[in-house]
Amino acid sequence: MIEGLRRYCSRGLWWLVAFVAAVGGTLAGECRYREAMSRVEKREAEVCAAEKDASMRGCGKYALRGVGKDAVLRASAHASEQASGTSHRMDGERCVRLCFAGDLMVHTPQLTVARRREGYDFTGPFEWVADRFRRSDLGVVNLETTLTDGGRYTGYPLFRSPKTLADALVFMGVDVALLANNHCCDGGGEGIDTTVRELKRRGMAHTGVFVAGEDFEDNHPLMIERGGIRIALLNYTYGTNGMPVPRGRRVNPIDTLSMRGDIARALRLGAECVVVCLHWGVEYERTPSREQILVGEFLRREGVDLVIGSHPHVVQPVVCDDRGVVAYSLGNFVSNQRQRYSDGGLVLEVEVGIGADGGKRFRAEVTPVWVRRRDYRLIPPEVGDTLGMTADERRAYDLFMDDTRRGVKI
């Protein structure tokens, strides 16, 4: 359909059509997601009402069964807690350190800054945050764009970025690119194929979007061993902006029944730490939605240790307790978004320890990272607090840091 519109529309009209389709598709996708969640909640109430002890957590076979109003209130209370955990080591402990970042986007102004005589270089923006990924055992980012071989690079509403963006991920120390998001079909089948191929060519793993059946079987769940611990990564999205998934490719949708089966399979494959990364929630909302809380609780009951969220483009609370970590939204990693709360995000470092008796401990550290617009450099506090800036930059930096520290209780 998109290609047909391209043929029959002028260049200007094509971009108008694409914009309307993307925005309309986003709204439609979120509406379908909410409708699906409403059906699940309704069925949950019907089934649990017929049970003798419907209030028990983890009580039934339906995805969100046993999670009612009280559970949402409990989760909301936890969401205001400081992300911390324990650093006390257990006897015979094996330990792994994971590093996560939010939405990595490439808007048109970022392309202009990255342009060089010989091509595009995106490494500069990541120089001051790269050490966090390099010192981790596993670095993970949400790649919210597609890579292309061609010279027609575009930003919003259809993200198509130079394949050299993958070189910047290598420079930073990223091990896994999450691909399931609402922009994963922006480049059509060619975009998915090129993205997967270029990541593989550089030795990076991916999950959430797949080019063929074999790719799906090999990378869903994505099984990785670090620090003597077998980790399973699963990645899902609420939708694709209304764009159909190209034939022969797969995109993981948020579907609680499918996720339950995927988690069970990961555990059968020997996963000792299960990580689920979700593209979910409501854009620009700083608190998690009811749907996020319900799905997060469901995943924890099913045995998920880490729940990592993206899509709202602003930071939402991070919960760390003896059950694991839930980061509802890490916000923007890098982008051209400038409105308050969206001009940065969090880098989340999680330490998972497993003792000789199988017991687990979790420790989370969050670092707010602000995006300087003139060169899109990511600026953490240890750099930004003493870095020379213009007066406007200093005001924006201080405001973002203050907002984020208050919101996440850093």
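We count residues from 1, following the sequence as given.
Side-chain contact annotation: Asp255 with Tyr236, donor-acceptor N/O pair under 3.5 Å absent. Side-chain atoms of Ser161 and Thr145 include a donor-acceptor pair closer than 3.5 Å. A donor-acceptor pair shorter than 3.5 Å can be found between the side chains of Asp121 and Thr123. Side chain to side chain, His311 and Asp103 fail the donor-acceptor criterion of an N or O pair below 3.5 Å. No side-chain donor-acceptor contact under 3.5 Å links Gln316 and Glu285. Side chains of His279 and Ser310: a donor on one and an acceptor on the other come within 3.5 Å. Asp215 and His206 share a side-chain donor-acceptor pair at under 3.5 Å.
With sequence neighbours excluded, the residues that form a side chain to side chain contact (heavy atoms under 4.5 Å, CB included) with Ala177 are Leu143, Leu179, Leu199. Taking Tyr341 as the reference, Arg286, Val314, Asp403 meet the side chain to side chain contact (heavy atoms under 4.5 Å, CB included) condition, with sequence neighbours excluded. In this structure, the salt bridge (charged side-chain N to carboxylate O under 4.0 Å, His left out) partners of Glu272, at least two apart in sequence or on a different chain, are Arg94. Every salt bridge (charged side-chain N to carboxylate O under 4.0 Å, His left out) that Asp305 has, sequence neighbours left out, goes to Lys360. Listed by chain and residue number, Cys99, Arg135, Val347, Glu349, Thr367, Pro380, Glu382 satisfy the side chain to side chain contact (heavy atoms under 4.5 Å, CB included) test with Arg132 (two or more places apart in sequence, or in another chain).
Between Phe210 and the choices Asn219, Val196, Asp218, Ile192, the side-chain contact (heavy atoms from CB on, under 4.5 Å) rule is met once, by Asn219.
Rounding to the nearest 0.5 Å places OH of Tyr156 at 13.0 Å from OG of Ser335. One distance of note links CG of Asn235 with CG of Leu278; it measures 8.0 Å at 0.5 Å rounding. If you take SG on Cys277 and CG on Asn181, they are separated by 12.0 Å, rounding to the nearest 0.5 Å. Here the straight-line distance linking atom CG of Leu104 with atom CD of Gln110 works out to 8.0 Å at 0.5 Å rounding. The structure places CG of Asn252 at 6.5 Å from OG1 of Thr207, a figure rounded to the nearest 0.5 Å. Here the straight-line distance linking atom CH2 of Trp370 with atom OH of Tyr397 works out to 9.0 Å at 0.5 Å rounding.
Under the 4.0 Å criterion applied to side-chain N and carboxylate O atoms, Asp262 and Arg265 are not assigned as salt-bridge partners. Salt-bridge formation is not detected for the pair Arg301/Glu297: no Lys NZ or Arg NE/NH1/NH2 atom is positioned less than 4.0 Å from an Asp or Glu carboxylate oxygen. The pair Glu393-Arg395 does not meet the salt-bridge criterion, since no charged nitrogen lies less than 4.0 angstrom from a carboxylate oxygen. Salt-bridge annotation for Arg134 and Asp175: absent, with no side-chain N of the basic residue lying under 4.0 Å from a carboxylate O of the acidic one.
Annotation: side chain of Val304 is not in contact with side chain of Leu306 (no heavy-atom distance under 4.5 Å). Side-chain contact check for Val251 versus Thr237: some heavy-atom pair is nearer than 4.5 Å.
Checked against a 6.0 Å centroid threshold, the rings of Phe159 and Tyr153 do not count as neighbours.
Pairs passing the salt bridge (charged side-chain N to carboxylate O under 4.0 Å, His left out) check and including a residue from residues 181-195, sequence neighbours excluded, read Asp193-Arg249.
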Open item on the list: side-chain contact (heavy atoms from CB on, under 4.5 Å) for Gln337 and Asp343? Distances and angles first, verdict last.
Closed with: CA-CA 6 Å; Gln337 294 191 345; Asp343 53 343; over 6 Å; no
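Glu118 CD: more than 12 foreign heavy atoms inside a 6.0 Å radius.
Proximity of a side-chain donor or acceptor of Ser289 to a complementary backbone N or O of Val282 within less than 3.5 Å is not detected. The backbone N or O of Ser342 sits nowhere less than 3.5 Å from a side-chain atom of His313 that would complete a donor-acceptor pair. Looking only at distances, no side-chain donor or acceptor of Trp280 sits under 3.5 Å from a matching main-chain atom of Pro312.
Remark: Arg250 is positioned above the aromatic ring of Phe216, its terminal NZ or CZ atom under 6.0 angstrom from the ring centre and at most 45 degrees off the axis.
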